[in-house]
Amino acid sequence: MTKLLSASRPLEERILDSFPSGDYAMTALLQLVDIVESDAVESAAVECVPSPRMLINPAFVAAHCPTSDSLLMLVMHELHHVLLGHTRQFPRVTPIDNLVFDAVINSMLCRLFPDPNCRRFFTDL
């Protein structure tokens with residue numbers, strides 16, 4: 001169920017609230033020690049290091065993630081880089097590698113979350 005997110009709440013709190021209870025990706029999220037708000041990335045990214053941090057641009061979230069579904073898709077996309085081993089197996093990801101990884105992940109997420117409110121995050125971008 002889509003709910004509008006209050007921009008006045010801390011981003012990390014809004015991310016945790018966007019996850020459905022019992023979601024398998026919660027384990028991957030909790031393995032990320034830090035969720036860091038950063039304008040060093042255009043949207044969001046996970047670091048390709050043994051203990052990756054998730055970097056999220058708050059301006060991107062403000063512009064493109066007004067609902068819990070859209071924020072969930074952004075975070076799930078980045079978590080799938082961790083779940084699929086991209087952060088461990090590919091220490092130097094090329095732009096082509098990342099494009100392929102992103103396409104595969106977005107396809108997986110559209111199948112896992114077929115609700116139009118979730119898919120809209122990808123189709124609107």
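Every heavy atom of this structure was used, including side-chain atoms; hydrogens, water molecules and symmetry mates were not. Since the model is a prediction, treat every value here as computed from it, not as a measurement.
A chain of hydrophobic side-chain contacts below 4.5 Å, direct or via other Ile, Leu, Val, Met, Phe, Trp or Tyr residues, connects Phe60 to Leu79. Note on Val104 and Phe113: same hydrophobic cluster, where clusters join Ile, Leu, Val, Met, Phe, Trp and Tyr whose side-chain heavy atoms are under 4.5 Å apart, directly or indirectly. Cluster annotation: Phe122 and Leu84 are assigned to the same hydrophobic cluster (Ile/Leu/Val/Met/Phe/Trp/Tyr, side-chain heavy-atom contacts under 4.5 Å, transitive).
The CE atom of Met76 sits 9.0 Å away from atom CE of Met108, with the distance rounded to the nearest 0.5 Å. Taken from CD in Glu47 to CZ in Arg53, the straight-line distance is 4.0 Å, to the nearest 0.5 Å. Taking CD from Glu78 and OG from Ser43, the interatomic distance works out to 6.5 Å, rounded to the nearest 0.5 Å.
At a threshold of 4.5 Å between non-hydrogen side-chain atoms, the residues Pro114 and Cys118 do not count as touching. Counting only heavy atoms from C-beta outward, the side chains of His64 and Asp124 never approach each other to under 4.5 Å. Side chains of Leu74 and Phe121 form a contact here, defined as non-hydrogen atoms less than 4.5 Å apart. Contact check for Leu112 versus His80: side-chain heavy atoms found under the 4.5 Å cut-off. For the pair Arg119/Leu109, no side-chain contact is recorded, criterion being any heavy-atom separation below 4.5 Å from C-beta on. Looking only at side-chain heavy atoms (C-beta outward), Val36 and Ile56 stay at 4.5 Å or farther from each other. In this structure, the side chains of Val61 and Arg14 come closer than 4.5 Å at one or more pairs of heavy atoms.
Without hydrogens or angle criteria, Asp97 side chain to Thr94 main chain gives a donor-acceptor distance under 3.5 Å.
Contact between Glu37 and Leu11 at its shortest, heavy atoms only, is OE2-CB, 3.4 Å. Between Asn106 and His77 the shortest heavy-atom distance is OD1-ND1, 2.7 Å.
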- Message: Before you tell me yes or no, could you show the steps for Thr67 and Asn117 under side chain to side chain contact (heavy atoms under 4.5 Å, CB included), namely the whole-Å CA-CA distance, both residues' side-chain angles and the distance that decides it to 0.1 Å?
- Response: CA-CA 9 Å; Thr67 67; Asn117 292 320; over 6 Å; no

- Item | Derivation and outcome, side chain to side chain contact (heavy atoms under 4.5 Å, CB included), residues Glu42 and Asn57 | CA-CA 6 Å; Glu42 287 185 37; Asn57 186 316; 5.6 Å; no

- Message: Evaluate Val46 against Leu55 for side chain to side chain contact (heavy atoms under 4.5 Å, CB included), listing each step before the verdict.
- Response: CA-CA 6 Å; Val46 288; Leu55 308 174; over 6 Å; no

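Using a 30° and 60° split on the angle between ring planes, Phe101 and His81 fall in the perpendicular class, above 60°.
Open room surrounds CG on Asp39; 12 or fewer heavy atoms of other groups in view lie less than 6.0 Å from it.
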